[in-house]
Engineer: 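Have a look at this one.
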There are 2 protein chains.
Amino acid sequence: MSSPTLQDIADMLKLSKSTVSRALSGDPRVAEGTRARVASLAGHMGYTPNPTARALATRRTNTIGLAVPWAPRSLSDPFYLEFLGAAGDEAMRNGYSLFLSTPDGDGPGAVRAHSELADPRRIDGMILTEPRANDERISFLRRVELPFVVLGVASDPEVSYITGDNTAGARDAVDYLISLGHARIACITGPPDQTASDARFEGYRLAMCSAGLPIDRNIMAAGDFTQSGGHSAMRAIIDSGWVPSAVFACNDVMALGAMRALREAGLAVPADVSVVGFDGISMAEYVDPPLATVKQPIQELGRTAVQILIGRMSGEGGPAHCVLPVEFQPRDSVGPPRIGASATGRG
Amino acid sequence: MSSPTLQDIADMLKLSKSTVSRALSGDPRVAEGTRARVASLAGHMGYTPNPTARALATRRTNTIGLAVPWAPRSLSDPFYLEFLGAAGDEAMRNGYSLFLSTPDGDGPGAVRAHSELADPRRIDGMILTEPRANDERISFLRRVELPFVVLGVASDPEVSYITGDNTAGARDAVDYLISLGHARIACITGPPDQTASDARFEGYRLAMCSAGLPIDRNIMAAGDFTQSGGHSAMRAIIDSGWVPSAVFACNDVMALGAMRALREAGLAVPADVSVVGFDGISMAEYVDPPLATVKQPIQELGRTAVQILIGRMSGEGGPAHCVLPVEFQPRDSVGPPRIGASATGRG
DNA sequence: GTGAAAGCGCTAACAG
DNA sequence: CTGTTAGCGCTTTCAC
């Protein structure tokens with residue numbers, strides 16, 4: 001009926017709980033014969049330690065928390081599912097389970113939900129996604145002394161993080177557009193203060209400046225990392241009347257939204273406007289035209305996040321700052337600007 | 001430093017643990033004054049019960065497990081992230097946390113990972129996604145007597161489930177194609193034995209049969225619910241030489257893969273071939289042309305799954321079988337068949 | 001109304 | 001090498 005306990009095994013073998021516990025945990029002090037008998041019986045009975053009891057005794061839960069962004073009815077970014085899957089895989093492989101937090105929006109409710117999950121008595125460490133510039137969740141984690149790693153960058157050098165090389169990737173992408181002759185290149189950013197968004201914008205800015213191109217407020221718009229956000233942002237740019245010859249969106253789903261807005265405005269991609277995204281979600285390859293994007297090693301980000309966290313939890317070494325290379329992947333959504341269009345930009 | 005315990009509060013108030021515990025849990029036997037003092041102190045100290053200790057004592061973890069499908073480097077279906085978010089929301093709202101299982105593939109490893117998570121000492125109940133016809137995970141859950149609900153349908157009437165009306169939705173979609181004059185309608189199914197895939201195929205079959213249209217093996221292909229699966233499946237159909245005038249894919253991501261295969265073959269959507277998907281992921285609206293799809297109430301599926309599970313966990317009532325209505329949403333990826341093409345079908 | 005005590009299943013000193 | 005004894009922090013009889 002109920003699962004067998006250590007005591008059950010001890011009783012049957014006329015041993016003490018302690019010995020059984022030691023035998024099972026491979027303590028070198030127990031006799032080989034005893035160990036074998038215990039192991040065998042445990043196996044036959046299908047014994048498996050009660051995780052809760054173990055957690056209470058050891059003060060370790062073997063569980064890591066993952067905070068994925070979740071704004072109601074808006075976010076469904078494949079990037080996170082893939083990240084989550086890879087992280088879950090790696091966690092399991094190391095004997096950890098994944099605990100999930102899905103804050104509803106950005107309000108105080110989110111913080112409450114977060115602090116509820118980020119309880120050191122519940123999880124051993126945490127992966128935080130979509131950090132903001134001065135994220136209160138980070139100060140919270142530090143206050144309760146819970147090991148954590150953020151997916152993104154953190155200004156505080158004490159904070160471990162893992163990220164794709166956002167700035168370099170964005171810069172590569174925009175450099176490529178420029179090399180094709182584009183000059184009026186729009187940028188659709190993510191939510192303000194979101195570090196990934198900021199870093200990608202910085203790459204855009206660097207590329208533009210290096211080429212001596214002006215950064216015009218009319219061809220910039222803030223999205224929110226969702227399709228509809230990308231759609232509205234592109235719409236706003238178009239409505240401003242000064243249509244760009246290319247647009248760099250700070251993530252793939254916004255790029256898809258932007259492509260739709262362009263189509264609706266009767267503009268062809270890439271003939272009239274080239275579009276580039278960021279992330280490398282697998283879907284990007286399947287839309288029409290296939291979306292050029294900066295490919296992040298999503299799986300590796302997930303795996304490494306867990307590995308870094310495990311390092312931090314074991315207390316060895318200092319904070320890790322890991323920046324994985326990303327790769328710009330040209331696809332049919334980009335092409336040279338229309339003749340004459342490139343001239344417009346320089347004014 | 002460390003979180004305050006019940007004992008700490010008891011000591012400060014010169015009470016016993018029991019009384020404090022009772023006061024906090026609203027036991028009617030404690031004096032009003034005592035209750036107030038306890039509540040106040042607990043509030044100031046930021047006391048919050050240790051979930052692990054509570055779980056050990058009550059044998060309830062207030063945690064529900066969620067098994068999302070995860071085949072390495074293949075799956076990134078936005079459907080699941082949205083489902084997961086909604087389920088997580090509803091769980092939190094009811095005082096439950098979400099535990100995640102991400103089985104790696106279909107092999108024995110998946111079952112091991114699953115049974116590791118599906119431990120009644122770890123979670124109070126579980127949501128199982130992508131059930132197969134004779135899913136061994138289901139028998140496992142029944143054996144360990146863990147309450148659960150499946151996202152999909154289960155043949156066993158004792159098993160609770162929640163699902164969109166797959167058959168009706170698929171039928172509506174295919175009926176619509178037929179009403180436009182399509183006769184050669186291909187079908188790209190999901191993994192064999194996957195219940196959702198089977199039910200959707202059944203809707204396709206019903207629509208075809210009712211219209212007196214033949215179901216040709218040449219215009220059917222098995223995908224695996226991934227983009228690339230949809231792509232290969234469409235490719236196989238095209239290569240068979242007998243190109244359909246419309247194709248019904250059993251989920252949206254396969255539909256996107258199929259659209260790409262069609263483009264690569266020089267076939268226009270919907271001019272040459274109409275395409276319909278299933279799920280209603282938000283991305284479907286943003287591709288070109290916007291993908292007609294059978295819209296599932298994803299959020300509601302997630303919420304209701306949790307509600308049903310909570311019902312089951314509290315032991316009240318029998319198994320719940322919930323089928324939510326879905327709605328076919330025509331979009332520009334479907335259109336009338338080319339003149340003459342519809343005739344070919346009836347042969 | 002409140003307290004004392006036992007116990008959830010496990011680990012971890014401390015003895016022998 | 002193995003057993004005994006304490007807890008981990010909470011709930012829950014059973015007394016008073």
Side-chain angles (χ1 to χ4, degrees), chain A residues 1-39 41-42 45-63 95 97 116 119-124 144, chain B residues 1-39 41-42 45-63 95 97 116 119-124 144:
Chain A
M1 191 76 204
S2 183
S3 337
T5 81
L6 221 43
Q7 190 63 259
D8 296 338
I9 302 192
D11 290 349
M12 315 200 79
L13 259 35
K14 309 266 182 247
L15 287 173
S16 73
K17 288 192 302 183
S18 333
T19 306
V20 177
S21 172
R22 285 192 282 252
L24 257 21
S25 64
D27 188 307
R29 297 176 301 185
V30 313
E32 186 47 50
T34 317
R35 142 116 86 279
R37 291 193 306 141
V38 170
L41 182 56
M45 297 183 51
Y47 169 80
T48 163
N50 182 323
T52 307
R54 195 204 282 267
L56 186 57
T58 61
R59 296 152 161 292
R60 295 190 65 251
T61 59
N62 288 305
T63 295
S97 308
E116 207 164 289
D119 184 334
R121 300 169 303 182
R122 201 186 252 301
I123 61 178
D124 294 339
V144 300
Chain B
M1 191 77 204
S2 183
S3 341
T5 79
L6 222 44
Q7 190 62 259
D8 296 338
I9 302 192
D11 290 349
M12 316 200 78
L13 259 35
K14 309 264 182 250
L15 287 172
S16 72
K17 289 193 299 182
S18 332
T19 306
V20 177
S21 171
R22 284 192 281 251
L24 257 21
S25 65
D27 187 307
R29 296 177 301 184
V30 312
E32 186 47 50
T34 319
R35 141 114 87 284
R37 290 193 305 141
V38 170
L41 181 56
M45 297 184 52
Y47 169 79
T48 161
N50 182 323
T52 307
R54 195 203 281 268
L56 186 58
T58 61
R59 296 148 162 294
R60 295 191 63 251
T61 59
N62 288 305
T63 296
S97 309
E116 206 165 290
D119 185 333
R121 299 168 304 183
R122 202 186 249 303
I123 61 179
D124 294 338
V144 300

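Each chain gets a letter, A, B and so on, in the order the sequences are listed, and its residues count up from 1.
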Engineer: Given D:dT11, is OP1 or OP2 found less than 4.0 Å from the side-chain N or O atoms of B:Thr58?
Structural biologist: no

Engineer: Starting at atom NZ of A:Lys14, determine the distance to atom P of D:dG3, rounded to an integer number of angstrom.
Structural biologist: 12 Å

Engineer: Between the axis at one end of the helix from C:dG1-D:dC16 to C:dG16-D:dC1 and the axis at the other (five pairs apiece), what's the angle to 10 degrees?
Structural biologist: 40°

Engineer: Could you give the CG-to-P distance, from B:Asp11 to C:dA4, as a whole number of Å?
Structural biologist: 11 Å

Engineer: Would you please confirm or rule out a distance under 4.0 Å between OP1 or OP2 of D:dG3 and any side-chain N or O of A:Ser16?
Structural biologist: yes

Engineer: Within less than 4.0 Å of OP1 or OP2 of D:dG9, is there a side-chain N or O belonging to B:Tyr47?
Structural biologist: no

Engineer: Rounded to the Å, how far apart are A:Glu32 CD and D:dT2 C1'?
Structural biologist: 16 Å

Engineer: Can you check whether any acceptor in the base of C:dG9 is under 3.5 Å from a donor in the side chain of B:Arg59, or vice versa?
Structural biologist: no

Engineer: Specify the separation, in whole Å, of atom CG of A:Asn50 and atom P of C:dC8.
Structural biologist: 11 Å

Engineer: Counting only heavy atoms from other residues, nucleotides and ligands, does the tally under 6.0 Å from CE of A:Met45 exceed 12?
Structural biologist: yes

Engineer: To the nearest angstrom, how far is B:Leu56 atom CG from D:dT12 atom P?
Structural biologist: 12 Å

Engineer: Quick one: is C:dA12 close enough that its OP1 or OP2 comes under 4.0 Å of any side-chain N or O from A:Ser18?
Structural biologist: no

Engineer: Has B:Ser25 got a side-chain N or O lying under 4.0 Å from the OP1 or OP2 atom of D:dT11?
Structural biologist: no

